[in-house]
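Below is one structure, written out as structure tokens, with a few remarks after it.
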Protein chains: 2
Amino acid sequence: MSVDSKEYILQTAVTLFSKQGFAAVSMRGLANSVGMSVAAVYHHFPNKQALYLEAVHFAFAKQASAFDEVWQAQLTADEKLSRFVHCLAQVLTTDVDFRRLMQRELLDADDERMQLLAKEVFQEQFSHLMAVIEQMGESRQIHFSALSVIALVCDIIQMQPLSRHLPGWRAEHEEVDFIAGQVLNLLMNGIKSKGCQ
Amino acid sequence: MSVDSKEYILQTAVTLFSKQGFAAVSMRGLANSVGMSVAAVYHHFPNKQALYLEAVHFAFAKQASAFDEVWQAQLTADEKLSRFVHCLAQVLTTDVDFRRLMQRELLDADDERMQLLAKEVFQEQFSHLMAVIEQMGESRQIHFSALSVIALVCDIIQMQPLSRHLPGWRAEHEEVDFIAGQVLNLLMNGIKSKGCQ
DNA sequence: CTGACATTACCTAACGTTCGTTTAGTAAAA
DNA sequence: TTTTACTAAACGAACGTTAGGTAATGTCAG
């Protein structure tokens with residue numbers, strides 16, 4: 001079987017779609033990028049839409065195992081949260097294609113694809129995260145708190161190219177460990193980091 | 001002058017670009033949406049790129065005055081922060097086109113347009129926000145804390161269509177006042193809302 | 001106030017290019 | 001001999017953009 005060619009096309013498609021978005025990627029451009037003819041791409045995928053959906057699946061599946069070591073039973077809740085935030089910041093910083101494709105899906109996906117995104121990418125980690133937050137003492141707004149953790153990390157990384165042009169920016173603000181540390185500090189103590197603790 | 005037609009085209013363009021993105025919007029589709037011919041659109045704008053940039057300007061300029069009442073001198077720092085978070089959540093929830101266009105710019109804009117976005121939309125509010133955070137006692141990571149406030153509100157709203165499919169979701173999670181209240185609680189006290197206070 | 005003229009705000013119709021997709025064929029592997 | 005993995009060439013549709021024309025709306029000397 002030609003699983004090599006197909007995977008190579010998918011990998012290239014993920015990069016192109018994440019950089020340019022669905023509409024801006026042409027089948028000719030993709031075929032050119034993988035060094036094949038257009039018809040060769042159509043040999044592996046029935047049409048552009050199906051290719052895109054499979055590319056999204058492909059990109060998301062790769063991240064499924066990234067969080068496996070985070071939720072180990074013998075850790076304290078605080079440690080689990082810390083590991084999760086570090087891991088999330090690491091993944092979103094390292095795999096730029098994945099992050100951008102996810103952002104684009106948040107903008108463009110219909111409800112059915114949104115459900116896929118929830119189930120395939122978020123649901124498992126989200127449930128773990130909610131359990132940890134419950135252990136930490138929060139009892140009422142567990143869903144919202146878990147969402148806040150993810151949202152905070154995601155958007156801080158997503159806003160990096162913008163925040164570079166805002167007053168007070170320093171290079172270290174874009175280092176994974178710095179981001180994770182600051183986010184954790186905020187989550188544990190709030191903004192007034194001194195008056196609390 | 002035909003400022004009416006031009007503004008109407010811009011307004012329609014903002015909606016279309018925010019919903020579909022630059023590449024997916026055609027000049028014919030836009031012309032059809034405003035009930036004009038293609039050439040009529042080209043009478044007002046030299047080309048698609050220039051029309052898009054002007055539409056982005058147009059959408060951003062409308063939001064400039066939304067925060068005017070937030071930073072009044074006689075308020076305490078806590079009150080100013082509270083008002084800002086409420087106002088930001090309100091704007092991002094109400095003006096969907098603005099929010100989506102901003103998200104798309106974060107994905108697609110080059111460094112020059114990112115600078116424009118920083119200067120035209122964020123810089124003024126960001127400076128005010130940093131000043132407030134400094135007043136509240138945070139002294140070291142003012143830039144990062146201010147960024148966190150904005151990122152938290154933005155991404156929670158942006159992830160709404162996804163979070164609907166995650167466990168624990170309730171309808172009230174999408175109400176502006178609820179979002180602002182929860183975000184403020186998190187910012188002031190961290191996740192462990194009881195152990196701190 | 002009026003007639004001549006210019007400008008504005010649009011129109012229809014077309015330009016060449018690029019798009020997604022298909023058809024027909026080939027060379028190698030099973 | 002059938003199936004697999006491809007290629008070259010073409011299909012009609014849609015794309016951004018332009019050319020050329022037509023009413024309506026100023027503008028202003030006489």
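Residue numbers start from 1 in every chain, and the chains themselves are labelled A, B, ... in the order their sequence lines are given, proteins ahead of strands.
- Scored by the ring pair (Phe, Tyr, Trp, His ring centres under 6.0 Å) test, B:Phe178 finds A:Phe144, B:His173 as partners (sequence neighbours excluded).
- Under the 4.5 Å side-chain heavy-atom criterion for grouping Ile, Leu, Val, Met, Phe, Trp and Tyr, B:Val176 is not connected to B:Leu88 through any hydrophobic cluster.
- B:Ile9 has its CD1 atom 10 Å from the C1' atom of C:dC10, to the nearest Å.
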Protein-nucleotides 25-30 of chain C N/O pairs closer than 3.5 Å?
none

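- DNA chain C lies under 4.0 Å from at least one heavy atom of each of the following residues of residues 39-58 of chain B: B:Ala39, B:Ala40, B:His43, B:His44.
- A:Arg28 has its CZ atom 13 Å from the P atom of C:dT22, to the nearest Å.
- In the hydrophobic clustering of ILVMFWY residues, with side-chain heavy atoms under 4.5 Å counting as a link, B:Leu92 and B:Val96 come out apart.
- Heavy atoms of B:Ser37 sit under 4.0 angstrom from at least one base atom.
- Between B:Phe17 and B:Tyr52, the ring planes lie perpendicular to each other; the angle is over 60°, past the 30° to 60° tilted range.
- Remark: the A:Ser145 side chain and the A:Gln141 side chain contain no N/O donor-acceptor pair separated by less than 3.5 Å.
- In this structure, the CE atom of B:Met27 is 16 Å from the C1' atom of C:dC11, given to the nearest Å.
- No single ILVMFWY cluster, assembled from side-chain heavy atoms under 4.5 Å apart, contains both B:Leu107 and B:Val121.
- A straight line from CG of B:Asp4 to C1' of C:dA9 spans 12 Å, rounded to a whole angstrom.
- As judged by a 4.0 angstrom heavy-atom cut-off over every strand, B:Val34 is placed among residues making no nucleic acid contact.
- B:Cys154 is listed as a side-chain neighbour of B:Met102, based on a closest heavy-atom distance under 4.5 Å.
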For a salt bridge (charged side-chain N to carboxylate O under 4.0 Å, His left out) check, start with the C-alpha distance between B:Arg83 and B:Glu69, then their side-chain angles and the critical distance, and finish with the verdict.
CA-CA 9 Å; B:Arg83 287 203 181 195; B:Glu69 55 177 342; 5.1 Å; no
